[in-house]
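Read through the structure below, which is laid out as structure tokens, and then see the notes.
Any value given below was found using the heavy atoms of this structure, including those in side chains, with hydrogens, waters and symmetry copies removed. Predicted, not measured: the structure shown is a model, and the values here were computed from it.
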Amino acid sequence: MGKSLKIISSLLLIAGFGLGEVTVTLVGSSATNDQTTAVVDIDLTNTEAVAGLQFSLKDGLNLPVSFTDIQPIGRVESEPYEDSDENGLYTPGEVYTDVNDNGEWDEAFSVKFSEHDSTIRVLVFDINANSIPPGHGPICTIHYSIPGSVSDEIIDLEFFED
């Protein structure tokens, strides 16, 4: 029997004073026999600018996958630029796309995390106090390693409140 992994997601809706409506969504994922990693996208939909967000994810049954990494993507990635000096870093003067119209090049938001038991706590913020503009799209990916022993597993990840 081949290895098959499906990650089922849940939805969290946050509303607060001055925040408008903010929805954070886990995007379901699956992995095939030859994959050793499952990647789960986190999407954000917000009607007003959001300075940052924090959430926790818990795998419902503490199943045999393990968290390995979180990376900023999409709306919290660094603004695209032409790396004219080919050094892999933004250098002042290089042409960039000012996604949030603040007149300066912005690096990626920070994505910090802690892990305890089967719960991952995630904090997404910008050290330069930039906000995520209103819109919809991915903000980070969570990577899980899949051991070779996993066969036809379904893992339920849920947003979790401490």
Side-chain angles (χ1 to χ4, degrees), residues 3-32 35-80 90 97-102 104-147 149-150 152-162:
K3 175 170 65 172
S4 175
L5 173 76
K6 291 184 181 175
I7 296 179
I8 300 173
S9 59
S10 55
L11 174 72
L12 176 67
L13 180 64
I14 306 170
F17 294 108
L19 289 179
E21 185 175 293
V22 178
T23 306
V24 181
T25 309
L26 268 163
V27 179
S29 177
S30 63
T32 59
Q35 291 177 295
T36 58
T37 303
V39 177
V40 178
D41 287 342
I42 304 292
D43 282 1
L44 172 68
T45 302
N46 53 309
T47 58
E48 294 186 29
V50 175
L53 63 132
Q54 181 174 350
F55 59 90
S56 296
L57 286 175
K58 182 173 188 66
D59 100 38
L61 301 173
N62 202 14
L63 291 172
V65 294
S66 57
F67 164 78
T68 58
D69 195 20
I70 295 181
Q71 294 294 318
I73 62 168
R75 299 172 63 205
V76 298
E77 282 182 302
S78 61
E79 291 180 321
Y90 173 77
T97 303
D98 193 5
V99 175
N100 63 1
D101 294 324
N102 69 351
E104 60 186 49
W105 179 79
D106 298 306
E107 61 186 292
F109 275 54
S110 295
V111 179
K112 303 293 184 188
F113 61 88
S114 64
E115 182 181 17
H116 181 68
D117 295 329
S118 61
T119 302
I120 303 164
R121 290 167 184 83
V122 179
L123 177 62
V124 179
F125 65 98
D126 181 62
I127 60 171
N128 297 314
N130 291 318
S131 296
I132 304 169
H136 170 77
I139 56 168
C140 63
T141 58
I142 302 175
H143 302 252
Y144 290 91
S145 68
I146 309 167
S149 61
V150 171
D152 295 331
E153 299 279 352
I154 294 179
I155 296 174
D156 188 17
L157 293 176
E158 300 173 354
F159 284 104
F160 179 72
E161 289 186 38
D162 298 312

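- Distance alone, capped at 3.5 Å, is enough to place a donor-acceptor pair between the Thr68 side chain and the His143 backbone.
- Looking at every heavy atom in both residues, Ala108 comes nearest to Asp126 through O-OD1, 4.3 Å.
- Here Phe113 contributes atom CZ and Ile120 contributes atom CD1; the two are 8.5 Å apart, rounded to the nearest 0.5 Å.
- Rounded to the nearest 0.5 Å, atoms OG (Ser78) and CD (Glu107) are 8.0 Å apart.
- Here the CD atom belonging to Glu104 is positioned 8.5 Å from the CD atom belonging to Glu79, to the nearest 0.5 angstrom.
- Formation of a donor-acceptor pair under 3.5 Å by the Arg75 side chain with backbone atoms of Ile132 is not found in this model.
- When the side-chain contact (heavy atoms from CB on, under 4.5 Å) test is applied to His136, the partners found at least two apart in sequence or on another chain are Asp43, Thr45.
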Run the side-chain contact (heavy atoms from CB on, under 4.5 Å) test on Val122 and Ile70 for me, step by step, so that the C-alpha distance in whole Å, both residues' side-chain angles and the decisive distance to 0.1 Å come before the verdict.
CA-CA 9 Å; Val122 179; Ile70 295 181; 3.4 Å; yes
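- Going from atom CZ of Phe109 over to atom SG of Cys140 covers 12.0 Å, rounded to the nearest 0.5 Å.
- Annotation: ring pair (Phe, Tyr, Trp, His ring centres under 6.0 Å) contacts of Tyr90 (sequence neighbours excluded): Tyr81, Tyr96, Trp105.
- Looking at residues two or more places apart in sequence or on another chain, you find a side-chain hydrogen bond (donor to acceptor under 3.5 Å, both in side chains) between Gln71 and Asp69.
- Side-chain contact between Thr37 and Tyr144 is absent, with no heavy-atom pair separated by less than 4.5 Å.
- Under the rule for a side-chain hydrogen bond (donor to acceptor under 3.5 Å, both in side chains), Ser131 has no partner lying at least two apart in sequence or in another chain.
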Just do the side-chain contact (heavy atoms from CB on, under 4.5 Å) check on Leu123 and Val111 with the steps written out, would you?
CA-CA 6 Å; Leu123 177 62; Val111 179; over 6 Å; no
Where do Leu53 and Ile139 land on the side-chain contact (heavy atoms from CB on, under 4.5 Å) test, with the steps shown first?
CA-CA 10 Å; Leu53 63 132; Ile139 56 168; 3.8 Å; yes
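- Residues satisfying the side-chain contact (heavy atoms from CB on, under 4.5 Å) test with Pro80, not counting sequence neighbours, are Thr97, Val99.
- Applying the side-chain hydrogen bond (donor to acceptor under 3.5 Å, both in side chains) rule to Asn102 yields the partners Asp106, Asn130; only residues at least two apart in sequence or on another chain are considered.
- Side-chain contact between Phe55 and Arg121: absent, with no pair of heavy atoms (C-beta onward) separated by less than 4.5 Å.
- Atom CD1 in Ile142 sits 4.0 Å away from atom CD1 in Ile42 (nearest 0.5 Å).
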